[in-house]
Amino acid sequence: MTMIRCISPVNGEVYAERPAMPLERAREAVAKARLAQKVWARRPLEERVKLVLAGVARLNEMADEVVPELAWQMGRPVRYGGEFKGFNERSNYVASIAADALKPLVVEESDRFERRIEREPHGVVFVIAPWNYPYMTAINTVAPALMAGNTVIIKHASQTILVGERLVHAFVEAGVPADVFQNLFLDHETTAALIAARSFDFINFTGSVDGGRSIERAAAGTFTGLGLELGGKDPGYVMEDADLDAAVDTLMDGATYNSGQCCCGIERIYVHESLYDAFVEKSVAWVSNYKLGNPLDPETTLGPMAHRRFAETVRSQIADAVAKGAKALVDPKLFPEDDGGAYLAPQIVVDVDHSMAFMREETFGPAVGIMKVKNDTQAIELMNDCQYGLTVSLWTKDAERAAGIGRELETGTVFMNRADYLDPALCWTGVKETGRGGSLSVIGFHNLTRPKSYHLKKVTA
Ligand code: NAP
């Protein structure tokens, strides 16, 4: 029997394991989901919304178990209290817009005709979720998909193997029928076999570019709708009129929070030459204040990376950049807890350029490169010189200038004077290798449903 294992970054030992579900049993689970879907979709929208929110509330009641469990699985310090803030905000927001987002688009309602477009649930939605924000990334699809009348099957990352189980447990205890929301422990082979057999009506995959490619390959020829939310290398651009302290504070937090393991984390920063020296100096001081250590210790502000192999990628990208002439500015002596394994000190790297993998490929760690720029044209060129496009963070007092620069950027979201935040009222989306589709907002609901046109001609006597 194949076991799916979570090796804890806290101590390098197996924290949890579950047997991978055989294909035959997985097929049965999908069949149950399909059967349950019609019944679920017939229940009034308000009832479905209420049940989803009851599931969210039930999970909140489990916070004392969920928070340390998360620290053991992926290393986020317990002092941050898990993901409840964003998890609740997103769930409540999608609940508040569900009726409006799903209402029919009426074109004509006259004596002669009824013409309208209604939104229908896809059917069975498959959610494949990553470990970096395991609850928040999952709820982005799970909540609106269920509210819209789909049934949902979730397959969570091995690193956060207990998260799918927890979510389903909470929702089912709160009254969501067991076949409506199921967690399956699946290996890659079984996942691909299910997708290739057209088991699902829509798949939302959040994860790496390679993972996204595998899912797209598995789905080829099945015409299954796909939402792909993949990697990023998000830039910040600090203009000469920026509020320097606010820029340092937000961009350093965006670069290093969650040990830099955020899809929209800041990975490269371009600073106008007039502010460059001050920005770098303040940034080094900012990250030097972190306390790296065991995430279960309430004093710890920076936990280990989720797995030592992720830390190895960061170390090797930095070493490569340094070999090519870059300078790493954070003194390693400040972080004796850096063990050469999963525990990794934050780092600021300067004298970087785009010939270095560190400035082009996803780093996904608490390290950021900073480059000096002369003007907007140079900054735009550098920001667009990238295979990804999730968010950009512009720092200026001039909203018109930011909007103008935004129009030139190949990205999913343009932030001004903020970063690393997912607004549930806006569409979360990316361009280039960051994927396609969009979640949350009205558009998220539209992607989890399909249009059905009604063209009813009335017979007049
Ligand atoms: P990952 O290795 O691609 O895994 C993501 C999920 O996909 C996991 O559940 C994983 O299962 C599964 N998976 C991967 N390859 C698969 C395959 N061939 N067949 C079936 N399932 C497969 O990504 P990750 O390391 O968990 O997450 C980090 C990545 O996600 C980063 O690149 C980050 O930028 C991206 N991300 C993007 C967004 C966004 O909104 N754009 C949000 C969060 C994260 P196993 O764990 O069992 O392999």
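Just so it is clear, the values below take in all heavy atoms, side chains as well, and ignore hydrogens, waters and symmetry mates. Predicted model, so just to flag it, every value in this text is computed and none were measured. Just follow the structure's listing: the first ligand is 1, and inside any ligand the first atom is 1.
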Which of the atoms in ligand 1, numbered in the order shown and given with their element, are less than 4.0 Å from a heavy-atom of Ile128? 6 (C), 7 (O), 9 (O), 12 (C)
Under-4.0 Å heavy-atom contact with ligand 1, by part of Cys263 that carries it: both
Would you say the ring centers of Phe279 and Trp395 fall short of 6.0 Å from each other? no
Any non-hydrogen side-chain atom of Ser214 less than 4.5 Å from a side-chain atom of His188? no
If you measure from each non-hydrogen atom of Phe364 to ligand 1, which part falls under 4.0 Å: side chain, backbone, both or neither? side chain
Indicate yes or no: does an N/O atom of Gly207 lie under 3.5 Å from an N/O atom of ligand 1? yes
Applying side-chain hydrogen bond (donor to acceptor under 3.5 Å, both in side chains), run through Thr411 and Lys432 and close with a yes or a no. CA-CA 8 Å; Thr411 188; Lys432 303 199 255 189; over 6 Å; no
Check ligand 1 against Ser214 and write out every atom of the ligand that is under 4.0 Å from a heavy-atom position of the residue. 18 (N)
His188 versus ligand 1: do any nitrogen or oxygen atoms come within less than 3.5 Å of each other? yes
Who are the side-chain hydrogen bond (donor to acceptor under 3.5 Å, both in side chains) partners of Tyr257, not counting sequence neighbours? none
Closest to atom 23 (O) of ligand 1 among Gly227, Ala129, Ser208, Gly265 (heavy-atom distance): Ser208
Taking 4.0 Å as the limit for heavy-atom contacts, which would you say applies to Glu362 with ligand 1: side chain only, backbone only, both, or neither? side chain
Of the backbone atoms (N, CA, C, O) and the side-chain heavy atoms from C-beta on, which set of Val209 has a member under 4.0 Å from an atom of ligand 1: side chain, backbone, both, or neither? neither
State which residues pass salt bridge (charged side-chain N to carboxylate O under 4.0 Å, His left out) with Arg198; sequence neighbours excluded, sorted by chain then number. none
Ranking Thr137, Leu390, Thr206, Ile4 by closest non-hydrogen atom to atom 5 (C) of ligand 1, top hit is Thr206
